[in-house]
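Below: the structure, in structure tokens.
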Protein chains: 2
Amino acid sequence: MGNQSRGPTLSDVARAAQVSLATASRALNGGQRVVGPELRGRIEEAARRLGYVPNAHAQALAGGTTSTVGLVLHDITDPYFAAIARGAIAAASDQGSLVMVGSTFRSTARELDFVRTFRAQRVDAIVLAGSGFDDDGYRAAMTEELDGQRRAGGGYAFVSEHHIPGHVVLPDNHGGAAALGRALADLGHRRLAVAGGPSHLTTVQHRIDGFVRGAEAGGVPASCIDRIDHPFSEDGGRAAARELLDGGCRATALFCVSDVMAMGALDELTAAGVAVPKDLSLVGFNDVPTMRRLTPPVSTVRLDLETMGRTAMELALDRSASGFRTVHVPAELVLRSSTAPVGVDVPSRENA
Amino acid sequence: MGNQSRGPTLSDVARAAQVSLATASRALNGGQRVVGPELRGRIEEAARRLGYVPNAHAQALAGGTTSTVGLVLHDITDPYFAAIARGAIAAASDQGSLVMVGSTFRSTARELDFVRTFRAQRVDAIVLAGSGFDDDGYRAAMTEELDGQRRAGGGYAFVSEHHIPGHVVLPDNHGGAAALGRALADLGHRRLAVAGGPSHLTTVQHRIDGFVRGAEAGGVPASCIDRIDHPFSEDGGRAAARELLDGGCRATALFCVSDVMAMGALDELTAAGVAVPKDLSLVGFNDVPTMRRLTPPVSTVRLDLETMGRTAMELALDRSASGFRTVHVPAELVLRSSTAPVGVDVPSRENA
DNA sequence: CTGTTAGCGCTTTCAG
DNA sequence: CTGAAAGCGCTAACAG
């Protein structure tokens with residue numbers, strides 16, 4: 001459905017103020033001191049009286065500015081994306097731009113679709129905040145779409161690696177996860193489990209790689225690290241914990257590649273009577289706000305998500321630079337009480 | 001910044017496919033079976049080859065559809081608004097519309113600004129998900145703005161009472177809070193405290209009124225209910241708890257008008273060594289996801305936020321109905337362990 | 001089914 | 001500083 005009836009237009013205003021269309025345009029939407037104060041006043045009053053609202057589409061079409069940007073993410077209720085969105089929205093707002101949000105719920109088709117729609121809207125910039133998908137077809141299609149965006153004079157930027165040319169805000173997934181793995185190893189853990197999401201998400205790959213590398217550095221051979229894959233979500237975390245338990249858990253520590261998964265896992269573990277960290281240490285990634293409030297507070301790696309979103313939007317909006325930039329974001333290890341040294345007790349899942 | 005260079009246009013496609021502009025339009029963006037398969041094929045291929053992307057602004061201007069809607073909320077990282085946004089975005093998506101999000105951070109000026117901008121974008125619908133502000137100037141300005149939106153053929157809807165004519169999705173703030181007050185009274189609490197946000201937010205008023213009414217019904221006179229006001233945020237909740245403690249708390253139960261405030265309050269209480277619920281019972285409102293995960297899990301009132309957002313968007317998008325509709329949303333009391341019967345011990349803030 | 005012809009509402013040269 | 005005129009890219013009557 002489009003808007004059928006129309007409101008007052010610029011010519012209505014011009015007529016009411018007894019000036020030419022061009023003058024009205026300059027007075028209302030043009031730069032400053034270009035129209036005589038007398039006319040300007042008359043025009044502004046007429047506009048107010050008539051309830052004139054400029055038609056952004058006409059403005060855009062006539063070569064004016066659009067001042068809109070697009071943001072593609074998976075799910076706004078996921079605190080990870082919400083934080084990124086907050087930063088991106090704030091940055092856009094600072095430059096006077098409106099943000100259009102597309103929720104993909106992890107579908108690459110939907111993601112491509114949104115980029116296309118944003119292009120149709122002639123947005124000035126697009127920020128892609130999903131995880132990159134390690135899929136050639138997707139990558140080729142997205143690359144083409146984004147090339148178009150660029151040729152049309154617009155910008156774009158990624159949050160986290162997508163293996164597609166463009167500006168990138170790159171959190172230190174590898175390093176952060178390595179610190180986590182190392183910390184666990186140093187705590188004496190010798191049998192680790194990692195609950196990863198779908199392995200075609202580049203973020204997941206990097207975190208797992210880093211974790212394994214860190215653990216190895218701490219003396220835990222990769223062969224002692226079990227890997228279980230489940231969706232990158234709270235339910236996925238729950239499922240991972242269940243699988244771990246059902247399989248006769250031999251690990252003394254569990255790394256969930258994202259906090260949201262860790263939350264689900266903690267739920268499940270607690271329900272099953274597994275004590276954290278006594279029976280099993282638990283770590284997540286991102287340091288989403290509720291992590292510190294859980295029982296026990298969960299160790300994780302902190303990323304400044306809001307700044308990441310803001311930076312990505314700034315990069316996407318910056319049409320000055322020539323080449324593509326990569327902004328590295330540090331990851332900070334945050335140890336809380338969900339991690340403890342391995343005790344002499346053999347961990348089991350039968351005690352409170 | 002607007003997009004300067006332009007990509008291929010419909011006429012480029014038409015020329016390449018050797019057909020008229022109109023035919024190309026019909027084939028690409030028009031309805032179905034209206035163009036011969038042969039031409040259609042040629043046109044589609046030309047479009048693909050050229051990388052044609054329709055100009056949504058031109059389409060909108062030419063009387064086509066815009067398929068965009070606006071959503072105004074306070075802060076996307078607040079789980080309350082995130083949940084509403086999710087529902088609203090999903091509903092819009094179902095109807096093929098893109099959502100533009102405006103974050104007001106509780107500024108009425110910004111709110112009016114966004115509505116204005118959305119109007120300029122000729123959005124089909126606007127959903128206002130802030131709390132209503134009990135302010136005449138605001139209300140008058142907003143009413144006028146929304147009248148314009150309607151006259152222009154667009155729709156709009158509120159989430160929660162704004163005292164402005166329009167569709168409304170109305171959670172049972174009063175009833176839910178009353179149940180809370182009653183429950184506390186029935187638990188034996190005789191001295192209550194309520195941490196309310198700015199009293200010009202209608203949501204706050206309704207919740208407090210309801211709470212007091214419920215407590216009275218349970219035998220607690222209104223005079224035994226202390227009220228402390230702080231911002232409607234986590235920090236506000238913290239501040240409220242601090243004030244309560246500093247004032248020499250006589251209440252045995254604290255009602256925070258929103259979960260987010262309750263989270264802050266719980267933080268502060270715990271830090272101060274006040275045991276919940278032993279020393280003080282705590283209740284919130286909304287049943288945001290993390291409430292059940294806190295220690296102790298916090299009693300609250302559940303609202304189906306996502307459905308509320310979805311419903312509001314549907315109402316705003318529905319241009320069929322004649323009058324304004326009000327959709328009531330039930331509130332469900334959720335008692336968890338942050339509430340307990342008052343013990344014989346006089347509550348104090350000095351014990352673990 | 002397909003082509004022609006007007007605009008949608010605004011910004012912008014280009015003249016005065 | 002102000003007015004007149006030419007589109008921006010597309011859809012929507014109208015004709016064929």
Side-chain angles (χ1 to χ4, degrees), chain A residues 1-43 46-47 50-67 119-122 152-153, chain B residues 1-44 46-47 50-67 119-122 148 152-153:
Chain A
M1 299 289 141
N3 278 328
Q4 42 267 51
S5 20
R6 59 268 125 65
T9 73
L10 231 204
S11 14
D12 293 332
V13 175
R15 199 169 313 124
Q18 317 245 47
V19 294
S20 77
L21 219 197
T23 306
S25 172
R26 289 188 277 250
L28 260 23
N29 310 310
Q32 298 295 33
R33 0 217 93 282
V34 201
V35 174
E38 137 116 28
L39 286 194
R40 172 178 225 89
R42 249 197 300 159
I43 295 170
L50 268 48
Y52 167 74
V53 175
N55 183 321
H57 297 300
Q59 293 186 143
L61 191 57
T65 184
T66 54
S67 291
R119 286 230 279 146
Q121 298 283 343
R122 299 299 188 266
Chain B
M1 297 286 143
N3 277 326
Q4 43 267 52
S5 22
R6 61 266 126 67
T9 72
L10 232 203
S11 14
D12 293 332
V13 175
R15 199 170 313 121
Q18 318 242 46
V19 294
S20 76
L21 219 198
T23 305
S25 172
R26 288 188 278 249
L28 261 23
N29 311 309
Q32 298 295 32
R33 356 221 95 283
V34 201
V35 174
E38 136 117 30
L39 285 194
R40 175 178 225 90
R42 249 197 299 161
I43 296 170
E44 283 173 343
L50 268 48
Y52 167 73
V53 176
N55 184 320
H57 298 299
Q59 293 186 143
L61 191 57
T65 182
T66 53
S67 292
R119 285 230 282 145
Q121 298 284 343
R122 299 299 188 267

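Chain letters run A, B, ... following the sequence lines, proteins first and then strands; every chain starts at 1. Hydrogens, waters and symmetry mates are skipped; everything else that's a heavy atom, side chains included, is used.
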d([atom1], [X]; [atom2], [N]) in whole Å:
| X | N | atom1 | atom2 | result |
| --- | --- | --- | --- | --- |
| A/R122 | D/dG9 | CZ | P | 8 Å |
| A/Q59 | C/dG9 | CD | C1' | 9 Å |
| A/R15 | D/dG3 | CZ | C1' | 15 Å |
| A/H57 | D/dT11 | NE2 | P | 13 Å |
| B/I43 | C/dT2 | CD1 | C1' | 10 Å |
| A/L10 | D/dC8 | CG | C1' | 16 Å |
| B/L21 | C/dA6 | CG | C1' | 13 Å |
| A/Q18 | D/dG3 | CD | P | 11 Å |

Quiz item: Between B/H57 and A/A58, is there a donor-acceptor pair closer than 3.5 Å when you use the side chain of the first and the backbone of the second?
Solution: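 Side chain of B/H57 to backbone of A/A58: no pair is present.
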So does [X] get a side-chain nitrogen or oxygen closer than 4.0 Å to the phosphate oxygens (OP1/OP2) of [N]?
| X | N | answer |
| --- | --- | --- |
| A/S25 | C/dC10 | no |
| B/T23 | C/dG3 | yes |
| B/S20 | C/dT2 | no |

Quiz item: Which listed nucleotide (D/dC8, D/dG3, D/dC10) is nearest to the side chain of A/L61?
Solution: D/dC8
Quiz item: Which nucleotide in the set D/dC10, C/dC10, D/dA4 lies at the smallest distance from any side-chain heavy atom of A/A22?
Solution: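 Selected nucleotide: D/dA4.
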With rounding to the nearest 0.5 Å, note down the distance linking [atom1] in [X] to [atom2] in [Y].
| X | Y | atom1 | atom2 | answer |
| --- | --- | --- | --- | --- |
| A/T23 | A/L28 | OG1 | CG | 11.5 Å |
| A/S67 | B/Q121 | OG | CD | 8.5 Å |
| B/E44 | B/L39 | CD | CG | 11.0 Å |
| A/L21 | A/T9 | CG | OG1 | 7.5 Å |

Quiz item: So, does the side chain of A/R26 form a donor-acceptor pair with the base of D/dG3 at under 3.5 Å?
Solution: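 Result: at least one qualifying N/O pair found.
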Exercise. Under 4.0 Å between any heavy atoms, over every strand shown, what does A/T9 touch: base, sugar-phosphate, or nothing? Just pick one.
Key: sugar-phosphate
Quiz item: Taking the nucleotide of DNA chain D with the closest heavy atom to each, which residue, B/V53 or A/L39, is nearer the 5' end?
Solution: A/L39
